[in-house]
Number of protein chains: 2
Amino acid sequence: MSYPLSTPQALRLWHHVGLAQVRDAEPDLSTRQMTVLLSIYLEAPPHTVRALAAKLKVSKPVITRALDAMGKLGLVTRRRDETDLRNVLIQRTVQGSLYLERLADLVSAKSQEL
Amino acid sequence: MSYPLSTPQALRLWHHVGLAQVRDAEPDLSTRQMTVLLSIYLEAPPHTVRALAAKLKVSKPVITRALDAMGKLGLVTRRRDETDLRNVLIQRTVQGSLYLERLADLVSAKSQEL
DNA sequence: AAAGAATGAAACGGTTCCGAAACAATCTGG
DNA sequence: CCAGATTGTTTCGGAACCGTTTCATTCTTT
């Protein structure tokens, strides 16, 4: 359970997390990439390019390129859908899970220091 | 007052805020730019390029370019330091305040829906 | 079987960002 | 006053991202 954050607290939280990411020169994902990654890990599979594009209200190439970039970082993988070979199913990886776990720990920890 | 966020809550919060930003095609600031902006608005002036670069552990050109981009959006302005003309003092703007206020409201609102 | 729809990827040109180095302007200490 | 230090900016080549259009593959419908 958690009470809502006040607006100053919200900004401080964003600031602290941003500072940690910038200073550590993390493999910095753009807002779009991060949102794609979180969609994949937080919502129930299967995940396709088309469905993600619709959910984020962006074009399909945006998703394809985000998957390219994150695939190169080992955060997601792609596999063809056996039942419909047009589809590509996006899958999670151990590395992606660890990446988001670290982000979550960072946010959670900073939220305590407010 | 607020209790700390659990790690799943933290990820959901990040996800919701990211989704809102991506879908509305906001003038999307990079993580670095956002962190610079928050530093300017959350910490006590005066703010200089050098001090910001040191705080974020990035090079000075990174700060200069972030200020260029955000200046173009009207989120910050620059003024020369009268007492030492080498320095540039970064100043807040009404528009920048409103921008961060909207972000804070978004985060705060989403934090309630967990 | 053939035409059309659907899916994801690739191509293209333009913009933005990056790190490193070089630069102009200003201050400081001898 | 002048050599050196300091501050912020600019430049350079390279990389990443964007929006749009086009393409290859696969499915569906007739």
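Computation of the quantities below employed the complete heavy-atom set of this structure, encompassing side-chain atoms and omitting hydrogens, waters and symmetry-equivalent molecules. Here is how names work: the chains are called A, B, and so on, in the same order as the sequence lines, proteins then strands, and each is numbered from 1.
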* Asked: Can you list the steps and then say if B:H15 with A:S39 is a side-chain hydrogen bond (donor to acceptor under 3.5 Å, both in side chains)?
  -> CA-CA 7 Å; B:H15 188 213; A:S39 293; 2.8 Å; yes
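Near DNA chain D, meaning a heavy atom under 4.0 Å from it, residues 30-52 of chain B has B:T48, B:V49, B:R50 in order of number. Contacts with DNA chain C (heavy atom under 4.0 Å) in residues 54-69 of chain A: A:K60, A:P61, A:T64, A:R65, listed by number.
A distance-only check finds no donor-acceptor pair linking the side chain of A:Q112 to the backbone of A:A109 [under 3.5 Å].
Counting heavy atoms from C-beta on, the side chains of A:T7 and B:L103 never come closer than 4.5 Å. For the pair B:L37 and A:W14, the minimum side-chain heavy-atom distance is 4.5 Å or more. The side-chain heavy atoms of A:L52 and A:I40, taken from C-beta on, include a pair separated by under 4.5 Å. Considering only heavy atoms from C-beta on, A:H47 stays 4.5 Å or farther from A:L89 through its side chain. Contact check for B:R80 versus B:V88: side-chain heavy atoms found under the 4.5 Å cut-off. Counting heavy atoms from C-beta on, the side chains of A:V36 and A:V76 never come closer than 4.5 Å. Side-chain contact between A:L42 and B:R12 is present, with heavy atoms from C-beta onward closer than 4.5 Å. Looking at heavy atoms from C-beta onward, A:S108 lies out of side-chain contact with B:Q9 at the 4.5 angstrom threshold.
Sorted by first and then second residue, the pairs that involve residues 64-75 of chain A and meet salt bridge (Lys or Arg N to Asp or Glu O under 4.0 Å), not counting sequence neighbours, are A:D68-A:R78. Pairs passing the salt bridge (Lys or Arg N to Asp or Glu O under 4.0 Å) check and including a residue from residues 40-64 of chain B, sequence neighbours excluded, read B:E43-B:K55.
Contact footprint of chain A on DNA chain C: nucleotides with an atom under 4.0 Å from a non-hydrogen protein atom, first to last in 5' to 3' order, C:dA6 to C:dA11. Nucleotides of DNA chain D that come within less than 4.0 Å of any heavy atom of chain A span, from the 5' end to the 3' end, D:dC17 to D:dC27.
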